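As the structure is a computational prediction, the values presented were derived from the model and not from experiment.
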Amino acid sequence: MRHAEMTSGEWIYTNTLWMAQGANGDGLERDQYYADFAPDDPGRNSGDLRRALTYEFFGAGRSVTNGDYDLPTDREAFPEGSAEIAGVRLQVDADELFVRLEWHAYRSLQNSIATLTFGGADADVARPWPANARLRSPWELAVTVTPHGATAEPAAGGTLVLPTVVRAPPAVEIRLPLALLPGRRFLTVRGGSGLVDPAGPAYLTVPPGGPTPTRPGSGGPLSPTNVWGLLFARDEPWSFDELTQSRLLTSGDATAASMTVDLDALAQRRTTVEPVAGDLSRIYRSAYDGGDGILRGPGAIDTPAPPPGSVVGADFNVTYTRPGRLQDYAMRVPASYTPRKRSPLIVYLHGFGGTPEEPFRLPLGLVDEADRRGYLFASLQGRGDLFYRGLGELDVVEALADVQREYAVDPDRIYLMGHSMGGYGTNNIAVRLPDVFAAVAPAQGTDSVALAANLRHVPWLMVTSDFDLDRGGANAEKHYATLSALGYHATLLRYRLKIHEYSSIYDNLPRLFEHFAAHRRVVDPSTITWAAPGDGRPELGLVHEGAYWLSGVRQGSVTVRSLALPPSAGDPAQAERTVVDPSDEGGPTGRTVAILRTTRPRGGGPAPAENKLLVDISGGPGLVVDLARARLVADGLVVCPSNATGFRLGITGVADGRYEQVAAGRPAQPVTITGGRGSFDVRSTGCSTLRLGVRSAAGRPASLPATGAPAALSVVASLVLLSAVLTGRGRTRGQSESPAG
């Protein structure tokens, strides 16, 4: 087809990957499963307790509460996502409307069916959808799509077979003659998806009872519709819960779930992404493809029996892994956002068994406060209960890249936070990508103490509690003690009367946003400490070998300092350390008596710039330094090691040429720089100097200009040196001002 790429002049809608759960046939909603412990708690602590002390936090109710359908139990044939539409794209060209539907499942499209209906804004006659959908809404043209074909049915009658093309990733493209559409500028679009009946191009009936290997099941006594997921069924104040959808499906009427498309705008090649502000669900294609849909596994906890009268389905105490290429995350785009101005961004990591909707409904006020202050807010979908390591780290890297592609993000104001497993993830990610974030704020989840030295330039705010899963905040206290001993910027708030609950965030909102607002990313610090994690996944682009202007550290640890850069930190012994015990933080729950520990580094003070590099390396064979970003130049570079053994020093960002390494008591060694890169061995004792050199007629290395070289040659060498200096300075300035990748 002519529009296989569909890259401009599009109307784009992205659906959440969690919407195909069917109707709410059992009549119970999320908050009706358990009695409240304290209904008058202004911070909804009852919800915190419920999710902390019962299995509901770990999965029950995430799917079965607001939508009850279960896929057939043969997950090879029916992977999670088989009934799920991930996105819709529309494009006008000449006299045709091109439509692309993309499914969540990648390899099992034979089980998928979808409906799109089109009508004018004034269409008000609700009609049954075709193909055994058992759903109604106003429409004048209904299109039924399967991977094997598509048909269009005007309300007046008749059926037209449409040309279709199946593309990879799993997208089905069709084209509609504009003459078939209602003759108006604005189209009202509705849609839904489900499982196809193998006997024909119709929706598979969802019977009452549980699923079998080949048939789905309904959580209610009777299936009100055969549509599993609705498009455009938004919930407020978030759009990531399927409550509205399940209510509409239960009623059998999809009238309220609609969007409007401007055909004139499409004909004029204007691209529209709906909606443009508020709560969004975004989808990206990952570089990793481990299979279709979502995999369910057994839970990780022992849980009490459910309360009498509760309806608990297949999602009781489960874990999820999302190996497929399609991954989603939640966004809040503030009303004040404009692409003409770069905005700060908060990246949120959810807890064990959580979903991207977590910060929109549990840490009360968090997203609203971010909105009020003009922050973009992205809540990631962890690929599984991986604590954001490995593939979990890939989620963060790829989602962050997607946000930066689509929105005007200030690269120097990106902040990372999370709760529980998301707190662990915040630490795990921050110590591996410290040069990405301006500040981090883990809550009630602590890990990566062994790599804490990597947080030298990342201000850290941790919240824990005495009755947390981390009893007495022991691990958090250990992590804080490590950072404090190093003289880093660290804050630990330990609540005395809290358990493992989201009020640790919403009781602390003023301090959290003060923490973010006070810090911007350090781009090129004078001193870098790097402890190699040793767990990179190069095939996924996850390489943990350094940060800032340091790279190539595959094992051990390194501290390097460029004396050409202004000092970025002082003596750890001079850091300011305070303890406030006890203090009432004044949060909304009233349970905010806490111990507050802070460490603030003191600046190193002014120092004369020197073309010198100090290196302290332990347990590693070598490192690579970008001299341009470190404000160093190759000619005259002094390298001073403090390690017990020698190492290999690689350098980049330098002018090509023949150099020599000179050290007291040792013969000069030739060093060749080509393509802006080179390397040489550094002995364990004494400093050495790298000098631009030439060979004399006798073949002896000679330094310039102190060796009595001819004046003309001295001038040439001086020009080469000046070029190297200017090249290094220019690169440094450009890299310092450019956005982070």
Novice: Are Glu358 and Tyr348 close enough that a side-chain donor and a side-chain acceptor fall under 3.5 Å?
Specialist: yes
Novice: Is the backbone of Ser484 close enough, under 3.5 Å, to the side chain of Arg577 for a donor and an acceptor to pair up by distance?
Specialist: yes
Novice: Determine whether a donor-acceptor pair (N or O, by modelled atom type, separation under 3.5 Å) exists between the side chain of Asp626 and the backbone of Trp549.
Specialist: no
Novice: Just verifying a value: how many Å separate Arg456 CZ and Thr527 OG1, rounded to the nearest 0.5 Å?
Specialist: 5.5 Å
Novice: Between Asp435 (side chain) and Val523 (backbone), is there a donor-acceptor pair under 3.5 Å?
Specialist: no
Novice: Is the ring pair Phe513/Phe516 parallel, tilted or perpendicular, if the boundaries are 30 and 60 degrees?
Specialist: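 Because their plane-to-plane angle is over 60°, the rings of Phe513 and Phe516 count as perpendicular.
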Novice: Check the pair Ile505 / Val463 against side chain to side chain contact (heavy atoms under 4.5 Å, CB included), numbers first and verdict last.
Specialist: CA-CA 8 Å; Ile505 294 176; Val463 183; over 6 Å; no
Novice: I'd like to know if the side chain of Asp402 pairs up with that of Tyr329 as donor and acceptor (distance under 3.5 Å, no hydrogens or angles considered).
Specialist: yes
Novice: Looking at Tyr424 and Gly418, would you say the former's side chain and the latter's main chain have a donor-acceptor pair under 3.5 Å?
Specialist: no
Novice: Shortest non-hydrogen contact from Ala378 to Val403?
Specialist: CB-CG2, 4.1 Å
Novice: Please check this pair: side chain of Arg282 against backbone of Ala330, looking for a donor-acceptor N/O pair closer than 3.5 Å.
Specialist: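 The answer is no, because no donor-acceptor pair under 3.5 Å joins these two groups.
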Novice: Please check: side-chain N/O of Tyr337 versus main-chain N/O of Ala408, any donor-acceptor pairing under 3.5 Å?
Specialist: yes
Novice: Does any non-hydrogen side-chain atom of Ile429 lie less than 4.5 Å from one of Phe437?
Specialist: yes
Novice: Strictly by modelled atom types, are Gln327 and Ser286 linked by a side-chain donor-acceptor pair under 3.5 Å?
Specialist: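 Judged by distance alone, the side chains do not pair up.
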Novice: Taking all non-hydrogen atoms of both residues, which atom of Val625 and which atom of Ala630 are closest, and how far apart?
Specialist: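 Residues Val625 and Ala630, closest heavy atoms: CG1-CB, 4.4 Å.
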Novice: Decide if atom CZ of Arg677 counts as having more than 12 heavy atoms of other residues, nucleotides or ligands within a radius under 6.0 Å.
Specialist: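 No, not enclosed.
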Novice: For the residue pair Asp262 and Trp11, confirm or rule out a side-chain donor-acceptor distance under 3.5 Å.
Specialist: no
Novice: Taking the side chain as every heavy atom from C-beta outward, state whether Thr260 and Val189 have any pair of such atoms under 4.5 Å apart.
Specialist: no
Novice: Can we say Arg432 and Asp535 salt-bridge, meaning some charged N sits less than 4.0 Å from an Asp/Glu carboxylate O?
Specialist: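 Judged by the 4.0 Å cut-off on N to carboxylate O distance, Arg432 and Asp535 do form a salt bridge.
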Novice: Measuring only between side-chain heavy atoms, which start at C-beta, is Phe98 closer than 4.5 Å to Leu90?
Specialist: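 No; the side chains remain at least 4.5 Å from each other.
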Novice: Can you tell me how far apart CG (Leu362) and OH (Tyr502) are? Round to the nearest 0.5 Å.
Specialist: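 Leu362 atom CG to Tyr502 atom OH measures 5.0 Å (nearest 0.5 Å).
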Novice: At what distance, to the nearest 0.5 angstrom, does CG of Asp410 lie from CG of Leu345?
Specialist: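 Reported to 0.5 Å precision, the distance equals 10.0 Å.
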Novice: How many angstroms lie between NZ in Lys341 and OG in Ser336, if you round to the nearest 0.5 Å?
Specialist: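 The NZ atom of Lys341 sits 8.0 Å away from the OG atom of Ser336.
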Novice: Just to verify, what does Gln381 make a side-chain hydrogen bond (donor to acceptor under 3.5 Å, both in side chains) with, not counting sequence neighbours?
Specialist: Trp18, His350
Novice: Test side chain to side chain contact (heavy atoms under 4.5 Å, CB included) on Tyr495 and Thr592 and set out the steps.
Specialist: CA-CA 6 Å; Tyr495 287 116; Thr592 56; 4.0 Å; yes
Novice: Kindly say whether His519 contributes a backbone atom to a donor-acceptor pair with the side chain of Tyr415 at under 3.5 angstrom?
Specialist: yes
Novice: Are any non-hydrogen side-chain atoms of Thr272 and Ile12 less than 4.5 angstrom apart?
Specialist: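 SC-SC contact between Thr272 and Ile12 ruled out.
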Novice: What is the minimum heavy-atom distance between Ala575 and Thr599, and which atoms define it?
Specialist: CB-CG2, 4.0 Å
Novice: In terms of heavy-atom contacts, does CZ of Arg554 have more than 12 from other residues, nucleotides or ligands at under 6.0 Å?
Specialist: no
Novice: When the ring planes of Tyr13 and Phe232 are compared, do they come out parallel, tilted or perpendicular, using 30° and 60° as the limits?
Specialist: perpendicular
Novice: Would you mind reporting whether Leu376 and Met331 have side-chain heavy atoms less than 4.5 Å apart?
Specialist: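 They are in contact (side-chain heavy atoms under 4.5 Å apart), so the answer is yes.
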Novice: How long is the gap from CG on Leu263 to CD on Gln268, to the nearest 0.5 Å?
Specialist: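 Reported to 0.5 Å precision, the distance equals 11.0 Å.
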Novice: Taking C-beta and beyond as the side chain, do Val458 and Val431 meet within less than 4.5 Å on heavy atoms?
Specialist: no
Novice: What verdict does the side chain to side chain contact (heavy atoms under 4.5 Å, CB included) test give for Arg332 and Asp368, after you've listed the backbone C-alpha separation in whole Å, the side-chain angles of each residue and the deciding distance to 0.1 Å?
Specialist: CA-CA 9 Å; Arg332 165 68 68 84; Asp368 291 337; 3.5 Å; yes
Novice: What's the spacing between His104 NE2 and Glu102 CD if we round to 0.5 Å?
Specialist: 10.0 Å
Novice: Are His544 and Trp530, when compared by the centres of their aromatic rings, separated by less than 6.0 Å?
Specialist: no
Novice: Step by step, work out the salt bridge (charged side-chain N to carboxylate O under 4.0 Å, His left out) result for Arg631 and Asp524.
Specialist: CA-CA 9 Å; Arg631 303 282 182 90; Asp524 286 323; 5.9 Å; no
Novice: Taking the side chain as every heavy atom from C-beta outward, state whether Thr589 and Ser503 have any atom pair closer than 4.5 Å.
Specialist: yes
Novice: Please name the residue in the list Asn428, Asn454, Thr426 that meets the side-chain hydrogen bond (donor to acceptor under 3.5 Å, both in side chains) test with Ser448.
Specialist: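 Among Asn428, Asn454, Thr426, the one meeting side-chain hydrogen bond (donor to acceptor under 3.5 Å, both in side chains) with Ser448 is Asn428.
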Novice: Do the side chains of Ile414 and Val409 get nearer than 4.5 Å, heavy atoms only?
Specialist: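 Val409 reaches Ile414 side chain to side chain.
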Novice: Hey, does the side chain of Thr271 reach the backbone of Gly9 with a donor-acceptor pair shorter than 3.5 angstrom?
Specialist: yes
Novice: For Thr598 and Thr578, does a side-chain donor sit closer than 3.5 Å to a side-chain acceptor?
Specialist: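 Their side chains do contain a donor-acceptor pair, which is all the 3.5 Å distance test asks for.
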Novice: How about His457 and His489: are their ring centroids closer than 6.0 Å?
Specialist: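 Centroid separation for His457 and His489: 6.0 Å or greater.
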Novice: Run the side chain to side chain contact (heavy atoms under 4.5 Å, CB included) check on Leu614 and Val560 step by step: do they pass?
Specialist: CA-CA 6 Å; Leu614 309 182; Val560 290; over 6 Å; no
Novice: Considering all heavy atoms of both residues, which atom of Gly487 and which atom of Pro601 are nearest to each other, and what is their separation?
Specialist: O-CB, 3.2 Å
Novice: Evaluate the salt bridge (charged side-chain N to carboxylate O under 4.0 Å, His left out) criterion for residues Glu514 and Arg511: first the C-alpha distance (whole Å), next the side-chain angles of each, then the deciding distance (0.1 Å), finally the verdict.
Specialist: CA-CA 5 Å; Glu514 289 169 6; Arg511 176 176 284 106; 5.9 Å; no
Novice: So does Tyr548 get a backbone contact from the side chain of Arg629, meaning a donor-acceptor N/O pair under 3.5 Å?
Specialist: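 Answer holds: yes.
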Novice: Determine the minimum heavy-atom distance between Asn427 and Asp447, stating which atoms define it.
Specialist: CB-O, 3.4 Å
Novice: Using the rule given for salt bridge (charged side-chain N to carboxylate O under 4.0 Å, His left out), can you reason through Arg521 versus Asp412, listing the C-alpha separation, both sets of side-chain angles and the distance that settles it, and then say yes or no?
Specialist: CA-CA 5 Å; Arg521 180 178 62 126; Asp412 294 330; 2.8 Å; yes
Novice: Can any side-chain N or O of Arg383 pair as donor or acceptor with the backbone N or O of Gly324 at less than 3.5 Å?
Specialist: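 Such a contact is found between Arg383 side chain and Gly324 backbone.
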Novice: Minimum heavy-atom separation for Pro567 to Ser526, with atom names?
Specialist: CA-OG, 3.5 Å
